[in-house]
Student: 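Have a look at the structure that comes next, please.
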Amino acid sequence: MKPIDLFPYEPYPEQLEFMRDAGPVLLEGGILVAEACNGFGKTACALASSLSTGRKIIYATRTHEQVRQVLNEIQQINKKAGTEFSATALASRQNLCLNNVCKRLPLSEAIEACRILRKTHRCPYRTDITNLDLPLPSVLSVERMIQYGKERSICPYFLSREAASESTVVVAPYQYIFNENIRVKVGLSIGGKVLIFDEAHNADKIGQEVLSDSLSERGLNNAVKELELIEYSPDFLERLLDHLNKETSSVPSLKSGSNFFSDLEKALGESISSIINLYAPIVDEIREYKISEGRVPVCYLNGILNFLLLVESGERESYVAIYRISRFGMKIIEYRCLDPSLAIKPVIKEAHSALIMSGTLSPMEYFTEILSLSEAKCRTYSAIAKPENIRTYVDTLVSTRFKERSDEMLRIYGERVSKLVNNVPNGVLIFFPQREMMKRALDVWLRNGFIKKGRNGLFLFGKKIFEEGESARENACIVNEYKKAARTKEGAILLAVFRGRNSEGSNFPYEEARGIFNIGLPYADYKDPVVKAQIKYLNKRKPKLGNLWYAMDAFRAANQALGRGIRHRDDWCHFFLMDKRYVFHRRFISRWILINGIEKIHP
């Protein structure tokens with residue numbers, strides 16, 4: 001069947017263009033990098049295109065909400081095309097496990113604790129389900145698997161693994177795709193399949209995180225106690241603690257991966273590999289001892305050995321070690337991967353073909369270069385909204401550049417934003433580079449009379465102001481109240497932070513966002529040693545690539561914030577780019593934002 005035969009809705013021209021590009025590339029074993037804005041219908045387009053190849057599909061997602069959306073679109077495809085494509089959410093133990101002991105552990109620890117609990121017959125849920133005759137639906141959601149598990153005392157996690165082995169589409173977290181050890185343990189094979197990376201603008205960072213690790217004095221101290229429990233010598237851990245204390249100060253320090261490896265072996269007094277081989281068999285002994293004592297079978301020694309294994313086996317020229325004190329006052333070593341292609345390239349090479357998509361991948365030539373995907377085909381698509389419904393403005397009189405930050409600059413921001421907000425109906429989103437700046441701006445705007453105090457809150461030109469919540473639960477309540485207020489005649493304003501809870505993955509259609517203001521640009525802290533190391537590493541790979549990455553990273557977050565507003569063809573939203581740097585770096589702004597060009601805001 002052709003993609004159009006499977007697409008479950010009446011397609012727009014832009015969606016037809018997407019499927020005409022994606023179908024042949026995925027069929028012929030290529031790589032397509034596609035940029036299409038929020039609300040485009042990328043999920044349905046990607047599924048119709050990949051299902052038409054007749055191959056099995058692995059769909060990588062970042063959030064539980066995206067998993068639900070993928071499964072829903074497959075149901076819609078089956079309904080429209082009369083097909084019976086099967087799909088399973090291969091979720092994490094955190095989402096599927098019914099055993100509270102495992103459920104609250106980190107991913108790697110949960111895998112091992114689960115194995116020990118099964119080995120010692122201390123988990124009440126059945127995991128051998130190969131011969132069970134279960135009336136499972138073709139599309140199996142997390143909620144349905146948990147329901148089956150509770151009703152039949154079956155482990156939903158192992159049910160998902162069994163169902164995934166037979167499913168046409170497997171929806172899995174990014175970490176499952178990029179981490180080879182996890183793929184092996186959950187039985188996720190990539191060879192010969194079509195890979196879809198959704199919301200892939202952070203694929204580079206996720207890949208780097210998967211191949212990075214940290215060592216803390218808390219973890220080392222806990223591992224020492226574990227070895228003392230079972231009467232083993234903790235000498236090597238105490239040597240690591242001495243090294244950590246000696247090298248760490250209030251000022252973060254950085255070493256290359258190669259120097260760190262040499263210094264670590266010198267501090268240990270023997271090879272890292274010999275320590276791993278000696279202590280690895282003890283991990284299960286520690287877990288079993290803790291279970292026998294009725295304790296949670298987390299093993300800190302295992303975390304230390306995993307860290308050492310990464311240092312011993314990784315490509316050291318692509319790593320740096322940072323010694324620093326955490327915000328909780330704890331000494332730590334971060335072993336950071338600087339090359340995202342180390343995680344992404346091998347996975348894509350193993351698959352038959354790949355579709356990498358997001359609303360914010362511009363400039364795509366730099367994005368693919370950083371991921372070492374020079375062979376990929378790149379396509380950018382216009383927004384599905386009518387062109388006249390998108391208007392973009394830029395203010396060249398303001399900036400959040402560090403040298404220009406002051407209360408006076410924030411006062412000017414308040415003056416100019418308040419005038420513009422007055423002409424925007426209903427809901428308005430205002431994004432800031434940091435929460436601290438958001439709070440400071442609120443204070444300055446209040447002192448200068450742009451914001452007024454009312455009986456039930458703060459108001460800007462009659463619109464009630466809401467502030468992004470710090471916790472997920474608090475934020476959900478605040479956003480719900482904001483949306484209700486935004487749909488009224490008076491409207492409302494939501495103050496939020498770039499890269500925060502409301503700038504990525506959230507939707508504010510129609511009256512919920514008639515205007516989006518980007519206050520400045522969210523550049524990463526240039527003084528951060530990891531940021532410096534990243535720029536230096538990429539510049540070494542290719543002149544100025546690191547500097548381009550630094551700018552691209554900031555604009556990617558800015559573009560993501562603007563993508564919150566338009567969800568449908570007849571929706572409309574005005575974008576206000578409140579920083580002169582948007583003019584100088586126009587190539588970093590996503591194409592769908594510039595469909596009508598940029599108008600300058602007059603003084």
Side-chain angles (χ1 to χ4, degrees), residues 393 395 398-400 405-407 409-488 490-509 511-523 554 557-565 573-579 582 601:
Y393 304 88
D395 193 331
V398 288
S399 179
T400 60
R405 290 183 190 179
S406 65
D407 282 2
M409 178 59 78
L410 289 176
R411 187 199 67 77
I412 296 170
Y413 264 115
E415 182 179 53
R416 297 179 74 73
V417 168
S418 62
K419 288 178 181 177
L420 294 165
V421 162
N422 190 37
N423 296 315
V424 180
N426 300 110
V428 172
L429 309 178
I430 304 179
F431 290 97
F432 293 83
Q434 304 100 13
R435 180 171 289 273
E436 181 186 355
M437 183 185 291
M438 181 178 81
K439 296 283 189 184
R440 188 174 159 197
L442 200 59
D443 179 60
V444 171
W445 295 358
L446 188 60
R447 282 192 279 113
N448 284 274
F450 305 124
I451 291 175
K452 308 290 185 185
K453 279 186 177 179
R455 283 199 304 174
N456 62 335
L458 301 176
F459 294 82
L460 180 60
F461 267 104
K463 295 182 187 291
K464 186 175 180 179
I465 295 174
F466 295 82
E467 290 183 61
E468 180 175 83
E470 295 197 35
S471 71
R473 180 171 293 182
E474 179 193 17
N475 186 67
C477 294
I478 290 169
V479 169
N480 186 52
E481 290 301 310
Y482 159 76
K483 288 186 172 186
K484 285 192 286 187
R487 291 191 289 266
T488 65
E490 291 79 15
I493 294 172
L494 177 64
L495 304 183
V497 179
F498 293 113
R499 300 190 183 90
R501 298 190 180 278
N502 297 300
S503 65
E504 298 191 21
S506 300
N507 299 316
F508 296 87
E511 291 88 354
E512 294 173 7
R514 291 306 190 194
I516 299 178
F517 288 76
N518 279 5
I519 305 296
L521 276 160
Y523 278 93
N559 290 333
Q560 273 291 312
L562 297 174
R564 299 312 95 211
C573 186
H574 291 177
F575 303 135
F576 299 89
L577 312 180
M578 309 298 289
D579 196 302
Y582 284 101
I601 299 170

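Numbers here simply count residues along the sequence, with the first being 1. These values consider heavy atoms only, across backbone and side chains, with no hydrogens, waters or symmetry-generated copies.
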Student: Output yes when a side-chain donor or acceptor of Lys464 lies under 3.5 Å from a complementary backbone atom of Gly454, and no otherwise.
Tutor: no
Student: Using every non-hydrogen atom in the two residues, find where Leu410 and Trp445 come nearest and quote the distance to one decimal.
Tutor: O-NE1, 2.8 Å
Student: Could you point out which residue of Ile516, Leu494, Ile465, Ile493 forms a side-chain contact (heavy atoms from CB on, under 4.5 Å) with Ile430?
Tutor: Ile493
Student: To the nearest 0.5 Å, what is the distance between CD1 (Ile451) and CZ (Phe461)?
Tutor: 12.0 Å
Student: Could you check whether any side-chain N or O of Tyr482 sits under 3.5 Å from a backbone N or O of Cys477, counting only pairs where one atom can act as donor and the other as acceptor?
Tutor: no
Student: If you measure from CG on Leu429 to OG on Ser506, what distance do you get to the nearest 0.5 Å?
Tutor: 9.5 Å
Student: Within the structure provided, determine whether Val424 and Leu420 are in side-chain contact (heavy-atom separation under 4.5 Å).
Tutor: no
Student: Could you please spell out the steps behind the side-chain contact (heavy atoms from CB on, under 4.5 Å) verdict for Val497 and Ser503?
Tutor: CA-CA 7 Å; Val497 179; Ser503 65; over 6 Å; no
Student: Testing the basics here: between Gly520 and Tyr582, what is the closest heavy-atom pair and its distance to 0.1 Å?
Tutor: O-OH, 2.9 Å
Student: Please report the interatomic distance NE2(His574) to CZ(Phe517), rounded to the nearest 0.5 Å.
Tutor: 10.5 Å
Student: Going through the distances and angles, do Phe432 and Lys439 end up as a side-chain contact (heavy atoms from CB on, under 4.5 Å)?
Tutor: CA-CA 10 Å; Phe432 293 83; Lys439 296 283 189 184; over 6 Å; no
Student: Answer yes or no: is there a side-chain heavy-atom contact under 4.5 Å between Phe498 and Gln560?
Tutor: no
Student: Counting N and O atoms only, with roles assigned by atom type, does the side chain of Lys463 sit under 3.5 Å from a partner on the main chain of Val421, one being a donor and the other an acceptor?
Tutor: no
Student: Do Glu474 and Glu470 have side-chain heavy atoms sitting under 4.5 Å apart?
Tutor: yes
Student: From Ile519 CD1 over to Met438 CE, what is the distance, rounded to the nearest 0.5 angstrom?
Tutor: 12.0 Å
Student: Roughly how far, to the nearest 0.5 Å, is OG1 of Thr400 from CE of Met437?
Tutor: 5.0 Å
Student: The test is side-chain contact (heavy atoms from CB on, under 4.5 Å); show your working for Asp443 and Asp407 and say whether it passes.
Tutor: CA-CA 10 Å; Asp443 179 60; Asp407 282 2; over 6 Å; no
Student: Under 3.5 Å, side chain of Arg487 to main-chain N/O of Asn426, donor-acceptor pair present?
Tutor: no
Student: Does this structure show an ion pair linking Lys484 with Glu481, if we count only N-O contacts that are shorter than 4.0 Å?
Tutor: yes
Student: Between Arg499 (side chain only) and Pro522 (backbone N and O only), is there a donor and an acceptor less than 3.5 Å apart?
Tutor: yes
Student: How are the rings of Phe576 and Tyr393 set relative to one another: parallel (under 30°), tilted (30 to 60°) or perpendicular (over 60°)?
Tutor: parallel
Student: Phe431 versus Arg564: any side-chain heavy-atom pair under 4.5 Å?
Tutor: yes
Student: Strictly distance-based, threshold 3.5 Å: is any side-chain N or O of Thr488 a donor or acceptor partner for the main-chain N or O of Ala485?
Tutor: yes
Student: How close do Ala513 and Gly565 get, counting heavy atoms only, and between which atoms?
Tutor: CB-CA, 4.1 Å
Student: How long is the straight-line distance from CG of Leu458 back to CD of Glu467, given to the nearest 0.5 Å?
Tutor: 7.5 Å
Student: What is the minimum heavy-atom distance between Ala554 and Leu521, and which atoms define it?
Tutor: O-CD2, 4.4 Å
Student: Using side-chain heavy atoms (C-beta onward) and a distance below 4.5 Å, is Tyr413 in contact with Asp395?
Tutor: no
Student: Are Asn518 and Asp579 linked by a side-chain donor-acceptor pair shorter than 3.5 Å?
Tutor: no
Student: Hey, does the side chain of Glu468 reach the backbone of Asn502 with a donor-acceptor pair shorter than 3.5 angstrom?
Tutor: yes
